[in-house]
Amino acid sequence: MPRTSLLTNRASLTHKIGYAVRHPARITPYVKRTARDTWLRLKHPDHVAYYRAVMASDTGRNPEAAVGSRSHERWLALGEMQFDYLAEHGLKPGHRMLDIGCGNLRAGWRFIAHLDAGNYYGIDISPDILISAKQTLTTYELQAKLPHLTITQNLTLDFLPSAHFDVVHAHSVFSHSPLGVIDECLAHVGRVLAPGGFFDFTFDRTEGAEHQVLREDFYYRTETLLSLARKHGLEARFMEDWEKRPHGQSKIRVNNPA
């Protein structure tokens with residue numbers, strides 16, 4: 001997937017007009033989505049409640065599309081990409097993994113198959129997508145791996161044990177999150193990381209003005225998120241090798257120096 005311009009402000013009127021001219025067939029779906037999202041924002045002012053409603057709507061139509069996959073083949077490819085990257089970075093069967101925003105186990109089923117039984121913890125804000133996750137678990141016959149799949153209301157991670165997880169992973173979560181949600185996660189993730197563990201997250205990167213589109217897609221400068229992690233006493237670095245992957249988002253890795 002070619003990376004779009006890092007200077008593009010997708011919220012600007014100029015960009016929207018230009019995009020509409022280049023893609024006239026997408027105008028009607030965009031208008032319908034805008035109307036739906038406007039109604040959901042009015043009904044659910046809190047971002048988590050709003051995005052849970054978005055996921056309920058999207059999952060009802062197509063669970064794989066709800067997690068950002070245009071086809072089953074793309075769903076498989078994106079999951080494989082996530083798994084391969086962490087496997088190359090040392091993910092071992094004995095590691096305990098927390099998958100934030102696990103969705104319908106696009107990558108999760110591969111992690112579950114790789115890890116020892118009971119070592120995968122997937123959390124998500126959407127009960128609808130977790131129902132789909134259980135269907136994925138059944139499809140790949142991974143019940144004996146005893147994965148933990150839990151709904152959550154926030155990212156304080158307060159129900160999880162301290163110093164427990166070797167790998168924490170959040171793919172396409174912060175790309176849909178306002179800064180306050182990201183800050184909440186970074187304020188608490190250090191507590192659950194085991195010594196030597198790391199937290200990988202992807203985000204939509206911009207080198208221009210930070211912006212959001214429909215309160216669903218958020219674009220941040222790298223330094224904004226690196227600084228946020230450091231504010232909470234975490235070490236953070238931009239993962240250059242992820243940029244070689246055919247994916248539109250970028251990745252940051254966080255370590256707890258303690």
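Sequence positions, counted from 1, serve as the residue numbers for this chain. Heavy-atom basis, side chains included; hydrogens, waters and symmetry copies ignored.
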Answer with yes or no whether the side chains of Arg253 and His89 bring together a donor and an acceptor at under 3.5 Å.
-> yes

Hey, is Glu88 close enough to Arg245 for a salt bridge, meaning N to O under 4.0 Å?
-> yes

Please list, chain by chain and in numerical order, all residues satisfying ring pair (Phe, Tyr, Trp, His ring centres under 6.0 Å) with Phe238, sequence neighbours excluded.
-> none

Listed partners of Pro93 passing side-chain contact (heavy atoms from CB on, under 4.5 Å), at least two apart = His114, Asp116

is_close_aromatic(Phe203, Tyr220), centroid dist under 6.0 Å | no

Give a yes/no verdict on a cation-pi contact between Arg96 and Phe165, requiring under 6.0 Å between NZ or CZ and the six-membered ring centre and an angle within 45° of the axis.
-> no

Partners of Asp217 by side chain to side chain donor-acceptor pair (under 3.5 Å), sequence neighbours excluded?
-> His176

Set of side chain to side chain donor-acceptor pair (under 3.5 Å) partners for Glu216, sequence neighbours left out | Arg33, Arg36

Looking at the rings of Tyr121 and His148, which for Trp means the six-membered one, are their centres under 6.0 Å apart?
-> yes

For Pro161, enumerate each residue passing the side-chain contact (heavy atoms from CB on, under 4.5 Å) test, keeping only those at least two apart in sequence or located in another chain.
-> His164

Among pairs that include at least one residue of residues 221-237, which meet side-chain hydrogen bond (donor to acceptor under 3.5 Å, both in side chains), considering only residues two or more places apart or in two chains?
-> Asp183-Lys231, Asp183-His232, Glu210-Thr224, Glu223-Ser227, Glu223-Arg230

Side chain to side chain donor-acceptor pair (under 3.5 Å) partners for Thr136, two or more places apart | none

May I ask you to decide if Phe201's main-chain N or O and Lys251's side chain share a donor-acceptor pair within less than 3.5 Å?
-> no

Do the side chain of Ser132 and the main chain of Asp128 share a donor and acceptor less than 3.5 angstrom apart?
-> no

Does a side chain donor of either Trp75 or Asn104 reach within less than 3.5 Å of an acceptor in the other side chain?
-> yes

Does Thr152 reach the main-chain N or O of Asp124 with its side chain, forming a donor-acceptor pair under 3.5 Å?
-> no

In chain order, what residues pass the ring pair (Phe, Tyr, Trp, His ring centres under 6.0 Å) check against His95, with sequence neighbours excluded?
-> none

Taking ring pair (Phe, Tyr, Trp, His ring centres under 6.0 Å) as the test, write out the residues that go with Tyr120, two or more places apart.
-> none

Asn154 side chain to Thr156 side chain, donor-acceptor N/O pair below 3.5 angstrom = yes

Would a hydrophobic clustering, with Ile, Leu, Val, Met, Phe, Trp and Tyr connected at side-chain separations under 4.5 Å, put Val173 with Ile182?
-> yes

Evaluate the ring planes of Tyr140 and Trp109, with Trp represented by its six-membered ring, and classify them as parallel (under 30°), tilted (30 to 60°) or perpendicular (over 60°).
-> parallel

Is the side chain of Asp99 donor-acceptor paired with the backbone N or O of Cys102 at a distance under 3.5 Å, no angle test?
-> no

Partner set under side-chain contact (heavy atoms from CB on, under 4.5 Å) for Arg110, not counting sequence neighbours = Leu76, Glu80, Phe83

Residues in side chain to side chain donor-acceptor pair (under 3.5 Å) with Ser175, at least two apart?
-> Gln249

In a table with atom names and distances, give each donor-acceptor pair under 3.5 Å that connects a side chain of residues 184-195 to protein atoms at least two apart or in another chain.
from   : atom 1 : to     : atom 2 : distance (Å)
Glu184 : OE1    : Leu155 : N      : 2.8
His188 : ND1    : Glu184 : O      : 2.8
Arg191 : NH1    : Leu160 : O      : 3.0
Arg191 : NH1    : Ser162 : OG     : 2.9
Arg191 : NH2    : Leu157 : O      : 2.6
Arg191 : NH2    : Leu160 : O      : 3.0

Tyr85 vs Asp200, side-chain hydrogen bond (donor to acceptor under 3.5 Å, both in side chains): CA-CA, chis, key distance, verdict | CA-CA 11 Å; Tyr85 185 82; Asp200 273 13; 5.0 Å; no

